[in-house]
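Please read the structure below before turning to the comments.
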Amino acid sequence: MASRGVLSRANRIKSRLQSALQPTIIEVEDVSHEHAGHAAVRETGNNETHFNVKVVSSKFDGHNLVKRHRMVYDLLSDELQSGLHALSIVAKTPKEHGL
């Protein structure tokens with residue numbers, strides 16, 4: 001994988017989730033611009049702080065919503081420690097998504 005400075009946070013998030021969860025659908029949307037005035041953005045100067053993530057993966061089979069979110073948060077722990085401030089997660093199985 002390329003060094004941290006080369007890939008955008010969105011690309012790193014997508015890559016990490018794709019590798020671990022092998023999703024049939026993955027969407028990563030940077031919505032940081034909607035939060036430009038928030039303290040977390042002002043204090044750090046980081047403009048990649050807020051993301052919406054949608055993941056449809058069979059790896060979620062048998063896990064409740066809380067466990068699915070924990071799986072995603074655990075995979076992105078390094079991002080959360082380095083400036084990722086907020087993450088909105090939709091985590092579904094292929095069956096739940098209608099696939």
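Computed from a prediction, not measured in an experiment: that's the story for all the values here.
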**Asked** With side chains defined as the heavy atoms from C-beta onward, is the minimum distance between V90 and V53 less than 4.5 Å?
**Response** no

**Prompt:** Should I89 and V55 be marked as a side-chain contact (heavy atoms from CB on, under 4.5 Å) after you check the CA-CA gap, both sets of side-chain angles, and the distance that decides it?
**Reply:** CA-CA 8 Å; I89 302 169; V55 182; 5.8 Å; no

**Asked** Do F60 and M71 have side chains that get closer than 4.5 Å, going by heavy atoms?
**Response** yes

**Item:** Flag, side chain of R9 to backbone of E79, donor-acceptor distance under 3.5 Å
**Value:** yes

**Prompt:** side chain to side chain contact (heavy atoms under 4.5 Å, CB included) with S58: which residues, sequence neighbours excluded?
**Reply:** D61, P94

**Asked** E96: what forms a salt bridge (charged side-chain N to carboxylate O under 4.0 Å, His left out) with it, not counting sequence neighbours?
**Response** R68

**Item:** Spacing of K54 atom NZ and K92 atom NZ [to the nearest 0.5 Å]
**Value:** 6.5 Å

**Asked** Any donor-acceptor pair under 3.5 Å linking the side chain of S82 with the backbone of D78?
**Response** yes

**Residue list, side chain to side chain contact (heavy atoms under 4.5 Å, CB included) with L80, at least two apart or on another chain** = Y73, L84

**Request:** Measure the spacing between OG of S15 and CG of L75 and express it to the nearest 0.5 Å.
**Result:** 11.0 Å

**Message:** Any side-chain to backbone donor/acceptor pair from S57 onto L21? Under 3.5 Å, distance only.
**Reply:** yes

**Message:** Suppose we screen for side chain to side chain contact (heavy atoms under 4.5 Å, CB included). Which residues come up paired with N64, at least two apart in sequence or across chains?
**Reply:** V66, K67

**Asked** Do L76 and R16 have side chains that get closer than 4.5 Å, going by heavy atoms?
**Response** yes

**Request:** Go through the structure and list residues passing side chain to side chain contact (heavy atoms under 4.5 Å, CB included) with A10, not counting sequence neighbours.
**Result:** S8, V28, F51

**Message:** Please evaluate residues T93 and V56 with respect to the criterion side-chain contact (heavy atoms from CB on, under 4.5 Å), reporting the C-alpha separation (whole Å), side-chain torsions for both, the decisive distance (0.1 Å), and the verdict.
**Reply:** CA-CA 5 Å; T93 67; V56 177; over 6 Å; no

**Asked** Between atom NE2 of H50 and atom CG of L87, what is the distance when rounded to the nearest 0.5 Å?
**Response** 10.5 Å

**Request:** Give a yes or no on whether the backbone of T49 and the side-chain of S32 come within a donor-acceptor separation of less than 3.5 Å.
**Result:** yes

